Peer 1: 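Here it is: the structure, laid out below.
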Amino acid sequence: MAARLLSGTETSKQIQAELLPQIEELKRAGVIPCLAAVLVGDNPASQIYVRNKMRACEKLGLHSEHITPPTSSTTAELVGLVQELNRRDDVDGILVQLPLPPQVDTQQVLLAVDPAKDVDGFHPMNVGALVSKRDALRPCTPAGVMELLRRHGIDPEGQHAVVIGRSDIVGKPLAFLLLHAHATVTLCHSRTRDLPAMARTADILVAAMGRTAYVTPEFVRPGATVIDVGINRIDDPALAEKLFARHPQRLEKFRQKDSALMGDVHPDVVEVAGALTPVPGGVGPLTIAMLMVNTVAAARMRRGQAAAAQRSGVAAAT
Ligand code: GUN
């Protein structure tokens with residue numbers, strides 16, 4: 001039987017609709033939350049991600065600023081830019097889109113972001129708060145995965161969660177969020193021995209390693225919940241024919257567009273998993289929703305509404 005599809009698109013809409021009363025309240029107090037996004041260079045994927053983030057702000061009536069320093073920017077220049085955004089009272093959230101060009105020291109730039117405006121949750125202070133389960137801004141994709149599970153009635157408590165991928169952006173923070181939700185967590189990576197066997201022990205399996213269709217049915221215990229964090233573009237017709245061999249509608253769509261988005265999970269997993277996030281329309285929209293949640297929470301917290309933000313914000317619940 002085909003897996004239940006966990007729609008991130010729907011959940012993202014719900015989360016953003018729930019933000020509207022908070023945004024209205026801020027507006028009544030004369031505040032329009034503002035997100036500043038820094039996109040260095042011309043990475044096409046990053047350009048699309050940032051454009052989608054700006055659009056989400058616009059739809060919710062938030063201010064946004066798109067800053068595009070050149071690819072040749074130095075660490076010192078970017079740190080200076082971030083410090084300027086820290087000083088600006090009208091800016092509530094600062095997002096530095098990753099990856100940064102190779103000559104830039106990413107850690108130094110992230111360290112420069114005011115933790116109170118760190119809507120990505122990447123500053124070491126916020127990372128520390130996450131590890132020790134204190135209220136703070138949480139990284140958007142992991143927080144989005146937790147919201148997706150919660151809103152689909154999938155409780156990690158007592159379950160074995162296996163996360164494949166140990167990135168600072170997804171794998172590591174998600175492992176801690178699952179642990180705080182009382183899952184037993186195994187964090188796997190490229191050097192894990194017999195990865196398919198380890199993955200098959202999961203009740204909740206998260207694929208977040210950035211490798212197209214890597215998680216095949218042999219990784220999945222029948223009935224498991226599978227969360228696909230990957231977003232990869234495929235444009236090779238031979239590869240598409242192979243991956244979509246049992247999915248004629250998706251193959252047809254590929255042929256119409258000459259490309260398709262594919263996660264880290266193989267399309268055939270839909271026949272084995274109990275629940276599965278689609279790509280596109282799964283985890284991706286959740287990342288944006290949680291960025292909006294964090295931007296509104298940052299605006300409220302900076303204006304002394306910390307207690308209120310903690311009580312009512314989705315971020316505080318994750
Ligand atoms: N690059 C990939 N994912 C992210 C993200 O969530 N935030 C930022 N800033 N950059 C990213």
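Just follow the structure's listing: the first ligand is 1, and inside any ligand the first atom is 1. Only heavy atoms go into these numbers, but all of them, side chains included; no hydrogens, no water, no symmetry mates. What you see is a predicted model; the values in this text were computed from it and never measured.
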Peer 1: Under 3.5 Å, which donor-acceptor pairs do the side chains of residues 119-126 form with other protein atoms, sequence neighbours left out?
Peer 2:
| unit_1 | atom_1 | unit_2 | atom_2 | d |
| --- | --- | --- | --- | --- |
| His123 | ND1 | Met125 | N | 2.8 |
| His123 | NE2 | Leu111 | O | 3.2 |
| Asn126 | ND2 | Pro115 | O | 3.2 |
| Asn126 | ND2 | Asp118 | OD2 | 2.8 |

Peer 1: Side-chain donor-acceptor contacts of residues 170-183 below 3.5 Å, not counting sequence neighbours, with atom names and distances?
Peer 2:
| unit_1 | atom_1 | unit_2 | atom_2 | d |
| --- | --- | --- | --- | --- |
| Lys172 | NZ | Asp168 | OD1 | 2.6 |
| His180 | NE2 | Leu130 | O | 2.8 |

Peer 1: Would the distance check show the side chain of Asn86 and the main-chain N or O of Asp114 forming a donor-acceptor pair, the cut-off being under 3.5 Å?
Peer 2: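 Such a contact is found between Asn86 side chain and Asp114 backbone.
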Peer 1: Apply the test salt bridge (Lys or Arg N to Asp or Glu O under 4.0 Å) to residues Asp92 and Lys117: give CA-CA distance (whole Å), side-chain angles for both, the deciding distance (0.1 Å), then the verdict.
Peer 2: CA-CA 6 Å; Asp92 296 292; Lys117 297 188 178 187; over 6 Å; no
Peer 1: Hey, what polar pairs (N/O, under 3.5 Å) does ligand 1 make with protein?
Peer 2:
| unit_1 | atom_1 | unit_2 | atom_2 | d |
| --- | --- | --- | --- | --- |
| ligand 1 | 1 (N) | Gln97 | NE2 | 3.4 |
| ligand 1 | 1 (N) | Leu98 | O | 3.0 |
| ligand 1 | 7 (N) | Asp120 | OD1 | 3.1 |
| ligand 1 | 7 (N) | Asp120 | OD2 | 3.4 |
| ligand 1 | 9 (N) | Val96 | O | 2.9 |
| ligand 1 | 9 (N) | Asp120 | OD2 | 2.6 |
| ligand 1 | 10 (N) | Gln97 | NE2 | 3.4 |
| ligand 1 | 10 (N) | Leu98 | N | 3.0 |

Peer 1: Could you give the side-chain donor-acceptor pairs of residues 33-47 under 3.5 Å, partners two or more places apart or in another chain?
Peer 2:
| unit_1 | atom_1 | unit_2 | atom_2 | d |
| --- | --- | --- | --- | --- |
| Asn43 | OD1 | Ala45 | N | 3.0 |
| Asn43 | OD1 | Ser46 | N | 3.2 |

Peer 1: Tell me if a side-chain donor or acceptor on Asp228 pairs with a main-chain N or O of Asp264 at a distance below 3.5 Å.
Peer 2: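 Such a contact is found between Asp228 side chain and Asp264 backbone.
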